[in-house]
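Here the structure is laid out as structure tokens; the discussion comes afterwards.
As the structure lists them, so they are numbered: ligands from 1, and atoms in each ligand from 1.
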Amino acid sequence: MTKAVSPRPFTLTAAIDYANADPHVGHAYEKILADVIARFQRLCGRDVFFVTGVDQHGQKVEQAAKRLGMDVRSFVDHIAIRFRTLWETLGITYDCWATTTHSLHQQVVCKVLRQLFSAGDLYKSTYRGFYSIRQEHFLTDKDRDETGEFGPEWGEVIFLEEGNWYFRLNKYLPWLSEFMATHSEFVTPAFRRTEIAHAIQHWRQDLCISRPRSRLSWGIALPFDPEFVTYVWFDALINYLSFTGYLSEDPKEEEEFQQRWPALHILGKDIMIPAHAVYWPIMVHAMGFPDQQIPQLLVHGWWNSGGAKVSKSTGNTIDPSALVSRYGAAALRYYLMRDIATGRDAAFSEERLILLHNTELANGLGNLLNRTLSMVNLYLGGSLHPVVPSHVSNTLREENRRSASEYLLRMQSFQIDRAITAIMDIVSRSNAFIEACSPWALHRNQKQKTRLVEVLTTLHESSRLSASLLAPILPRESAVMLKQLGIEAVSFSHPDPTLRTSLEVRPPEPVFPKLP
Ligand code: MSP
């Protein structure tokens, strides 16, 4: 007897958002993208562990609290609630909420710091030069623009002379170059590899991993020098380990960690270099992780508005909660997955959100479902039984099967927009099939009864397939559609929609009411 092999667990993380402001559509996009991937993997039978949360330390957060006259603790708690409430409204199914002020995380950061300190990878030195408060970053001449100035992206820039702790990043650059050259799977999309290779080639500095407590107290104290707190990025990146069981004292959790790791990290292009593609793999390597345990990156592009990245500092922030109140969570999830190619930028447009919802969901899929269910109810009393399909139906089924395979390939490679196109191909083809077969005419002719049953069964299969494939993207609506179709559950381990047992459908109820 062969033993069933269960698929490897799938761990994914979405970047932890700064707790210095309310969420905007850029944040929402990333979490929906991660949620769609997580849901897809679950439907494929994998045990998924999805981590996201908020990045609560650092000067930016401390200053934002001060501006509002709040103590930092209450401020970060308040922002965390804003994010969590939005994720609930949007149906984001994370398994673990990572907050960097959590004691578990603080312990792991201290363990990592002690380990690197004992290995001789940390040293103290004095820095004299410019510093960006907004980016919490020590600047070099490389950061100046063509006019020789530090551009507006750096915010307020001050001159500093201060002692700090450094991580020997330079020592590990040759390893990172070699790793990059031999592990093409490290970053998706592949076009980002050149950019990373270029950054590594020109990298010169070690990483400053501390800030003096006299200047910033809102952070994790260095365990071997409490006059300093940990640099916010060094602290934040470690969340990926803290919340997956790394260095846990509980042997069960440590074993779980071995199963769960490496993770897939989902992040935007603005935080790829240097944080995720230079600092992070080197940190993990220096901690002793073998190459096969170095995590992978899925780097997405930006939602822009008025030609610039949607962000609070640019002043063009777009509030996802307001969009949900106006159009519903489904319309927003669909739009944010449908109108951007993973890895590229897109221009946010409310008109496109309405248009895509109305044309593809309300008119396309909604009509297919409505017509199929109405006709099965009206002509067949709501009952369907397995039938032998005709040549014409077989052509449609064959084409739909090809679209379903295309969908699976696209979803596996995180190209959600292309996967949606494959669903919409099934929808348009099936709507055209209705027109071509005119079931209403078949119904009028007694001799065509067998053909009518066969056409409606084929349409039921098409509707079921479209609704099932939509499950990771619009889980609630997919479940409602499948219920109307008389189907209990979806599984992508067996995506064949062929009707194998008799079933009863329900009367149609609109799932995608048109947006005004
Ligand atoms: N706190 C850091 C991440 C630490 S991860 C260890 C951070 N936070 S952020 O709030 O500024 O951004 C969080 C995520 O949202 C990032 O992946 C970022 O790229 C993404 N986005 C922020 N604005 C965006 C758009 N306008 N469009 C798409 N995503 C963008 O960076």
Which atoms of ligand 1 are found less than 4.0 Å from any heavy atom of [X]?
{"X": "G268", "value": "17 (O), 19 (O)"}
{"X": "Y240", "value": "5 (S), 6 (C)"}
{"X": "D270", "value": "18 (C), 19 (O)"}
{"X": "H300", "value": "28 (C), 29 (N)"}
{"X": "E30", "value": "14 (C), 15 (O), 16 (C), 17 (O), 20 (C)"}
{"X": "V310", "value": "23 (N), 25 (C), 26 (N)"}
{"X": "L267", "value": "17 (O)"}
{"X": "H24", "value": "22 (C), 23 (N), 24 (C)"}

Carboxylate-amine/guanidinium contact [X] [Y], below 4.0 Å:
{"X": "E249", "Y": "K111", "result": "yes"}
{"X": "K66", "Y": "E62", "result": "no"}
{"X": "E227", "Y": "R213", "result": "no"}
{"X": "D417", "Y": "R338", "result": "no"}

Would [X] and [Y] count as having a side-chain donor-acceptor pair, cut-off 3.5 Å?
{"X": "E162", "Y": "N164", "value": "yes"}
{"X": "D345", "Y": "W303", "value": "no"}
{"X": "S74", "Y": "D71", "value": "yes"}
{"X": "Y94", "Y": "R84", "value": "yes"}

Quiz item: Which one holds for I271 and ligand 1: side chain close, backbone close, both close, or neither close, with close meaning a heavy atom under 4.0 Å?
Solution: side chain

Quiz prompt | Structural part of D55 in contact with ligand 1, heavy atom criterion under 4.0 angstrom | solution = side chain

Quiz item: Who's the nearest protein heavy-atom neighbour of atom 15 (O) of ligand 1, and how far?
Solution: H27 CD2, 3.6 Å

Quiz prompt | Protein residue, atom and distance nearest to atom 2 (C) of ligand 1, heavy-atom basis | solution = I16 O, 3.4 Å

Exercise. Examine ligand 1 and decide if any of its atoms is less than 4.0 Å from a heavy atom belonging to H265.
Key: no

Practice problem: Tell me, please: is A275 in heavy-atom contact with ligand 1, that is, under 4.0 Å? | Solution: no

Quiz item: With a cut-off of 6.0 Å (strictly less than), are more than 12 heavy atoms of other residues, nucleotides or ligands near NZ of K142?
Solution: yes

